[in-house]
Colleague: 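One structure follows; several queries about it will come next.
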Protein chains: 2
Amino acid sequence: MQRSETNGSHHGEGDERGGGTRSRILEAATIHFAEKGFDGARTQAIADEAGVNKAMLYYHFQDKEHLYREILTSHFQVIFRQVFPTFIQPDLDARERLLTIVSSYLGFLRENPHLRSLMLYELAAGGPYLSSVVRSLFESIPGLDVERVFGQIGEMIEAGAVRPGDPRQFFLHILSLSIFPFAARPLLESIWELGSGEYDELMAERADAIADLFDHGLFTGKEAS
Amino acid sequence: MQRSETNGSHHGEGDERGGGTRSRILEAATIHFAEKGFDGARTQAIADEAGVNKAMLYYHFQDKEHLYREILTSHFQVIFRQVFPTFIQPDLDARERLLTIVSSYLGFLRENPHLRSLMLYELAAGGPYLSSVVRSLFESIPGLDVERVFGQIGEMIEAGAVRPGDPRQFFLHILSLSIFPFAARPLLESIWELGSGEYDELMAERADAIADLFDHGLFTGKEAS
DNA sequence: GTCTATAGGACGATAGAC
DNA sequence: GTCTATCGTCCTATAGAC
């Protein structure tokens with residue numbers, strides 16, 4: 001990974017001439033960055049996939065890194081705008097709200113196969129860029145910020161709807177149970193020798209399994225700690 | 001990522017002359033593969049880190065890829081030998097056994113910082129190699145295999161110690177809650193603006209948080225699904 | 001076992017015609 | 001906007017002396 005820290009945009013946002021070359025490049029690049037990571041992806045392969053010449057990448061985008069960043073930002077934008085607002089939706093009770101978040105999370109990950117590996121490559125690298133993306137996404141959604149989210153959890157606890165505890169652990173539970181099974185999908189499919197159809201079933205049942213865990217815990221005899 | 005599928009070992013296992021050059025290379029390579037991934041890591045940087053010449057890498061290891069594989073295998077070996085055997089330890093009841101697994105998992109991840117990103121890079125790539133490593137590790141530990149693990153879970157359910165449900169969902173719960181918080185550490189540290197000390201605390205408290213979730217669920221009013 | 005030197009190719013990026 | 005052709009660099013891997 002040889003990404004540096006620069007910035008500055010480039011050609012117009014409004015050029016949709018040329019048969020959408022720019023967006024074809026974006027799609028092609030998404031595939032290759034998702035499959036090989038930033039360092040493994042080849043500009044030549046991206047150009048071939050998009051059906052254009054390699055030089056076109058540098059006409060539409062400043063360089064490989066800017067192309068990559070644009071893809072990351074746009075992909076994480078969608079999940080933020082789609083999933084997080086549920087947190088501050090007032091017409092649902094705590095349980096309903098949390099389970100809605102979990103299942104919309106699961107649904108979203110299911111429908112966006114490339115997001116999985118884009119996210120993992122960034123996490124692996126320590127994500128200095130991803131964290132700046134996440135930060136600016138928080139800022140771009142009015143009325144949503146880290147404190148607000150934790151505040152909501154705090155209110156649920158005070159209202160007696162949720163067990164008392166560190167809101168961050170609470171948050172980690174939700175994220176972990178939703179994201180990890182998608183992240184590890186190829187590995188688990190291979191180890192458990194499942195077809196992708198079987199794993200899809202597993203993920204479809206996942207929302208219920210998580211709801212059951214949240215409702216009843218894991219053990220039947222509930223001696224406290 | 002331009003890893004191909006080859007095999008065949010090389011120089012002797014028993015050459016510990018030369019001041020442990022071979023193992024110094026392994027340590028250096030671990031650092032760079034963990035930080036940059038296979039494609040991002042540079043053989044020159046590994047050699048420099050190990051304090052040897054680049055040509056030494058190719059004396060001790062067939063090529064970059066074989067070096068990488070050896071590192072992956074050895075690192076995942078440790079977690080397998082250390083964590084999984086708890087699953088088949090007979091002198092503990094179900095609850096005790098599961099919570100032991102979780103906390104030894106957490107402890108292990110805490111003490112092996114490089115494992116985190118090595119694992120994530122492999123997951124991102126879809127891990128065709130990692131899955132073969134995991135497979136052979138399962139085979140290398142007598143009395144441990146996928147069916148055995150699920151069998152244990154099945155027995156716990158039949159004995160009434162654990163809520164009925166798909167053992168695979170059960171397994172996903174445990175893995176998710178333990179691994180994800182480590183995987184996402186750098187990102188969450190940045191977003192939550194925590195020092196690494198604070199995140200360490202969070203991870204130290206994690207075993208108890210998971211135990212509480214397993215014991216009581218997440219909600220106080222326990223209306224069933 | 002360890003080094004120097006370099007082959008040989010791949011890759012990101014650009015110049016310039018159309 | 002899109003192409004061809006090419007530059008300059010970086011990087012893995014090896015040849016060969018010590």
Side-chain angles (χ1 to χ4, degrees), chain A residues 1-33 35-71 129, chain B residues 1-29 31-33 35-71:
Chain A
M1 205 251 302
Q2 256 62 292
R3 276 169 276 173
S4 58
E5 292 297 323
T6 54
N7 227 327
S9 74
H10 188 52
H11 279 271
E13 328 289 320
D15 49 22
E16 272 332 298
R17 42 188 179 256
T21 299
R22 190 188 150 91
S23 56
R24 283 219 317 288
I25 292 174
L26 283 169
E27 284 169 36
T30 298
I31 294 171
H32 285 268
F33 284 135
E35 285 180 358
K36 317 262 192 167
F38 180 82
D39 291 317
R42 297 292 158 238
T43 53
Q44 184 63 63
I46 293 171
D48 292 349
E49 181 95 31
V52 295
N53 191 276
K54 197 170 49 165
M56 288 308 296
L57 305 192
Y58 297 91
Y59 175 77
H60 284 286
F61 304 91
Q62 187 175 329
D63 56 18
K64 188 185 179 187
E65 185 173 340
H66 280 76
L67 174 56
Y68 177 74
R69 292 193 182 199
E70 185 150 333
I71 285 168
Y129 173 55
Chain B
M1 204 250 302
Q2 254 63 290
R3 275 169 278 172
S4 59
E5 291 298 324
T6 55
N7 228 326
S9 75
H10 188 51
H11 278 271
E13 329 290 321
D15 48 23
E16 274 333 297
R17 42 185 178 259
T21 298
R22 190 187 150 91
S23 55
R24 283 217 319 287
I25 292 174
L26 282 169
E27 284 171 34
I31 295 172
H32 286 269
F33 284 134
E35 285 179 357
K36 317 261 193 168
F38 179 82
D39 291 316
R42 297 291 159 240
T43 53
Q44 183 62 62
I46 293 171
D48 292 349
E49 181 96 30
V52 297
N53 191 276
K54 197 169 49 166
M56 288 308 296
L57 306 192
Y58 297 91
Y59 175 77
H60 284 285
F61 304 91
Q62 187 174 330
D63 56 18
K64 189 185 178 186
E65 184 173 340
H66 280 76
L67 173 56
Y68 177 74
R69 292 192 182 197
E70 185 150 334
I71 285 168

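Throughout, protein chains are lettered first and strands after them, A, B, ... in sequence-line order, and every chain is numbered starting at 1.
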Colleague: Taking atom C1' of D:dT12 as reference, at what distance in whole Å does atom CG of B:D63 sit?
Modeller: 9 Å
Colleague: What residues form a side-chain contact (heavy atoms from CB on, under 4.5 Å) with B:E27, not counting sequence neighbours?
Modeller: none
Colleague: Looking at CD1 of A:I25 and OG1 of A:T43, how far apart are the two atoms once the value is rounded to the nearest 0.5 Å?
Modeller: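 Separation between the atoms: 11.0 Å.
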Colleague: Specify the separation, in whole Å, of atom NE2 of B:H60 and atom P of C:dC3.
Modeller: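 Nearest whole value for this atom pair: 9 Å.
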Colleague: List for me each residue that meets side chain to side chain donor-acceptor pair (under 3.5 Å) alongside B:D48, sequence neighbours excluded, and say none if there are none.
Modeller: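 Side chain to side chain donor-acceptor pair (under 3.5 Å) check on B:D48 returns B:Q44.
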Colleague: B:R24 CZ to C:dG1 P: how many Å, rounded?
Modeller: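 Going from CZ in B:R24 over to P in C:dG1 covers 13 Å.
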Colleague: Where the side chain of B:N53 is concerned, which of C:dC3, D:dC3, C:dA13 is the nearest nucleotide?
Modeller: C:dC3
Colleague: With A:V52 as reference, evaluate A:K54, A:M56, A:E49 under the side-chain contact (heavy atoms from CB on, under 4.5 Å) test and give the passing residue.
Modeller: A:M56
Colleague: Show the nearest heavy-atom pair for residues B:A41 and B:H32, with the distance to one decimal.
Modeller: CB-O, 3.9 Å
Colleague: Closest approach of A:R22 and A:H60, non-hydrogen atoms and distance?
Modeller: NH1-O, 3.4 Å
Colleague: If every non-hydrogen atom of B:I46 is compared with every non-hydrogen atom of B:A28, which pair is closest and at what distance?
Modeller: O-CB, 3.5 Å
Colleague: Heavy atoms only: give me the nearest B:D39-A:G40 pair and the separation to one decimal.
Modeller: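 Looks like OD2-CA, 3.3 Å.
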Colleague: For B:F33 and B:K64, what are the C-alpha separation, side-chain angles and deciding distance, and is it a side chain to side chain contact (heavy atoms under 4.5 Å, CB included)?
Modeller: CA-CA 10 Å; B:F33 284 134; B:K64 189 185 178 186; 4.0 Å; yes
Colleague: Take the protein atom CE of A:M56 and the nucleotide atom P of D:dA5, then report the distance between them rounded to whole Å.
Modeller: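 After rounding, the gap between these two atoms is 17 Å.
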Colleague: Between P on D:dA13 and NE2 on B:H66, what's the gap in Å once rounded to a whole number?
Modeller: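 Rounded to the whole Å, the gap is 11 Å.
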Colleague: Could you pull out the closest heavy-atom pair between A:L26 and A:L67, with the gap in Å?
Modeller: CD2-CD1, 3.9 Å
Colleague: Indicate the ring-plane relationship of A:F38 and A:Y68, choosing parallel, tilted or perpendicular according to the 30° and 60° boundaries.
Modeller: perpendicular
Colleague: Return the value, rounded to whole Å, for the distance between atom CZ of B:F61 and atom P of D:dT12.
Modeller: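 Rounded to the whole Å, the gap is 16 Å.
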Colleague: Rounded to the nearest Å, what distance is computed from the CG atom of residue B:L57 to the P atom of nucleotide D:dT12?
Modeller: 9 Å
Colleague: Reckon A:Y58 has a side-chain N or O less than 4.0 Å from the OP1 or OP2 of C:dT14?
Modeller: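 No.
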Colleague: Please list each protein N or O that sits under 3.5 Å from an N or O in nucleotides 7-11 of chain C, with the distance.
Modeller:
{"from": "C:dC11", "atom 1": "OP1", "to": "A:R42", "atom 2": "NE", "distance (Å)": "2.9"}
{"from": "C:dC11", "atom 1": "O5'", "to": "A:R42", "atom 2": "NE", "distance (Å)": "3.3"}

Colleague: Could you go through nucleotides 16-18 of chain C and list every protein N or O atom that sits under 3.5 Å from one of its N or O atoms, giving the distance for each pair?
Modeller:
none

Colleague: How close or far is atom C1' of C:dG12 from atom CD of A:E65, stated in whole angstroms?
Modeller: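 A:E65 atom CD is separated from C:dG12 atom C1' by 13 Å.
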Colleague: Which angle, rounded to 10°, do you find between the first-five-pair axis and the last-five-pair axis of the helix from C:dG1-D:dC18 to C:dC18-D:dG1?
Modeller: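 About 0°, once rounded to a multiple of 10°.
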